[in-house]
Q: 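Attaching a single structure in structure tokens format; questions to follow.
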Number of protein chains: 2
Amino acid sequence: MPGKGQRARAAIVEVASDLFYRQGYGATSYADIAVRTGFGKGNIHYYFNSKEELLKAVAEMRMEKYRKLLEQWSLECGPPYDCLERIVSLFEKNAGDLAKYGCPIGTLNDELGKNNPELQEEARQMMDIFLRWLEARFRALLPPDEARDHAEQLLAMAQGAALLAHAYRDPGLVKRQADAARHWLSKICENEPHA
Amino acid sequence: MPGKGQRARAAIVEVASDLFYRQGYGATSYADIAVRTGFGKGNIHYYFNSKEELLKAVAEMRMEKYRKLLEQWSLECGPPYDCLERIVSLFEKNAGDLAKYGCPIGTLNDELGKNNPELQEEARQMMDIFLRWLEARFRALLPPDEARDHAEQLLAMAQGAALLAHAYRDPGLVKRQADAARHWLSKICENEPHA
DNA sequence: AATATTATAGTACGGTCGTACAATCGTCAA
DNA sequence: TTGACGATTGTACGACCGTACTATAATATT
């Protein structure tokens, strides 16, 4: 079992990640995190000397999760379509939260992109994890340059669907886009069976 | 010619719109607007009693522009494909700004969606102008429910492309997605010539 | 048990923001 | 020319934020 400090640190990161997602990075204060963790405000600064450090810790924690999830998917799932379809299902399953808060990765990139290039770099890396994973899957079906294009395309569909669902507060939008994405995927997979 | 006050008011709205786009709504202060307009800080509050009012004025100004643009397109352009393709070209033409600042409509929805439901309503209306226009165009090709779906899909592609281009600071991403969108559009237009 | 180190809390500082307000300026009608 | 009113300015207030600092409690080490 990790030491007391490690557990407190992890708890702070977990709460911060949740608040950054639901309220945004800029709108989340140390005070908010203090209340939600039960720790005093000063204690959070003891673990993270600045808000930027805290965001970086959150980003690392999230990326760890994403990497593990995708790595497992790479092992588990069979034909490329089934593998790629999991990403679509992941979005569909989270349609409710996407409509309420948007995509955790997309909205963070958006927020940090305008005024915080250094921190946005962290958010971009989260996006890149998914982009590269998708590209690797598409390489089983398509030549390299087309694989990259298709990965961008699927990710753009997902991000666009999340953004619109958030704008309209309508989870149904995610579901409709998911169906469209599956249709698009199935056409690609039958056109190029084993390239 | 409009009175002095009207011109000052319009100038403030114009500057605010630009800063809201490039820095975001939250990160733009009255002081910023004062510097850029040359007016004193207090004078801006003379025209707009609150920042919320200012955003609403910006939203109305933008919507006026969008509505006029789309109305003109509705009149000018011929077959549905040419008409729809204009939206794609609009995004492509602005690829540079999209990569730097994201989509003016999408990023505003994103920012306001998390903490400012009332103001996000304004941003959503901007999105709706485009969605409804797209839906109307698709109705020339498809049955009503499919038209709505396709409008959502094209808008999602565009928003997703802008978000990714912003995240990666890569205008090329917009261009690649624009080509993909054109391909998608052309398939729809040839499948259903005159539904 | 004594001590050093880690963990936690509370508070105060400097800065910025949106807003309010009082004072001044410009302009044009009476 | 005076006066009224719209336009403009500068400043001050209260709130909140990230951060720094000091003191205290808990834990570990010797």
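Residue numbering restarts at 1 for every chain, and letters A, B, ... go by the order of the sequence lines.
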Q: Between B/Arg9 and B/Glu60, is the closest basic N to carboxylate O distance under 4.0 Å?
A: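 No, no charged N to carboxylate O under 4.0 Å.
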Q: Is there a side-chain contact between A/Leu155 and A/Ile87, using heavy atoms and a 4.5 Å cut-off?
A: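 The answer is no; the side chains never approach within 4.5 Å.
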Q: Using a heavy-atom cut-off of 4.0 Å across all strands, would you classify A/Ala8 as base, sugar-phosphate, or nothing?
A: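 If one applies the 4.0 Å heavy-atom cut-off, A/Ala8 turns out to touch the sugar-phosphate alone, with no base involved.
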Q: What orientation do A/Trp184 and A/His150 show, parallel under 30°, tilted 30 to 60°, or perpendicular over 60°?
A: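 Correct class here is parallel.
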Q: Determine the contact category for A/Thr37: base if any of its heavy atoms lies under 4.0 Å from a base atom, sugar-phosphate if only primed atoms, P, OP1 or OP2 are that close, otherwise nothing.
A: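 Nothing, no nucleic acid heavy atom in range.
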Q: Got A/Asn115 and A/Gln120 here, is their nearest side-chain heavy-atom distance under 4.5 Å?
A: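 Of all side-chain heavy-atom pairs linking A/Gln120 with A/Asn115, none is under 4.5 Å.
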Q: Please answer whether the main-chain N or O of A/Val88 pairs with a side-chain N or O of A/Arg182 as donor and acceptor at a distance below 3.5 Å.
A: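 Checked: no pair found.
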Q: In this structure, how many angstroms lie between the C1' atom of D/dT9 and the CD1 atom of B/Ile44, rounded?
A: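 About 11 Å, once rounded to whole Å.
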Q: Which of these nucleotides, D/dT8, C/dT19, C/dT8, is closest to any side-chain atom of B/Tyr30?
A: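 Of all the options, the side chain of B/Tyr30 is nearest to C/dT19.
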Q: Name the pairs: protein N/O against N/O of nucleotides 23-27 of chain C, kept only if under 3.5 Å.
A:
none

Q: Just to be sure I understand the geometry, which residues of residues 47-55 of chain B put a non-hydrogen atom under 4.0 Å away from DNA chain D?
A: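 Output list: B/Tyr47.
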Q: For each nucleotide in nucleotides 9-14 of chain C, reading 5' to 3', give B when a protein heavy atom comes within less than 4.0 Å of its base, S when such contact involves only the sugar-phosphate, and - otherwise.
A: BB-B--
Q: Between A/Lys56 and A/Glu118, is there a salt bridge with N-O shorter than 4.0 Å?
A: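 Salt bridge: yes.
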Q: Check B/Asp170 with A/Arg124, please: is the shortest side-chain N to carboxylate O separation under 4.0 Å?
A: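 Salt bridge: no.
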Q: Looking at A/Glu76 and A/Arg86, is any side-chain nitrogen of the basic one under 4.0 Å from a carboxylate oxygen of the acidic one?
A: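 Yes.
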Q: Quick check: closest heavy atoms across B/Leu142 and B/Ala147, and the distance to 0.1 Å?
A: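 So the two residues come closest at CB-N, 4.2 Å.
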Q: Go through the side-chain N and O atoms of B/Arg22 and B/Thr28 and say whether any donor and acceptor fall under 3.5 Å apart.
A: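 Side chains of B/Arg22 and B/Thr28: no pair found under 3.5 Å.
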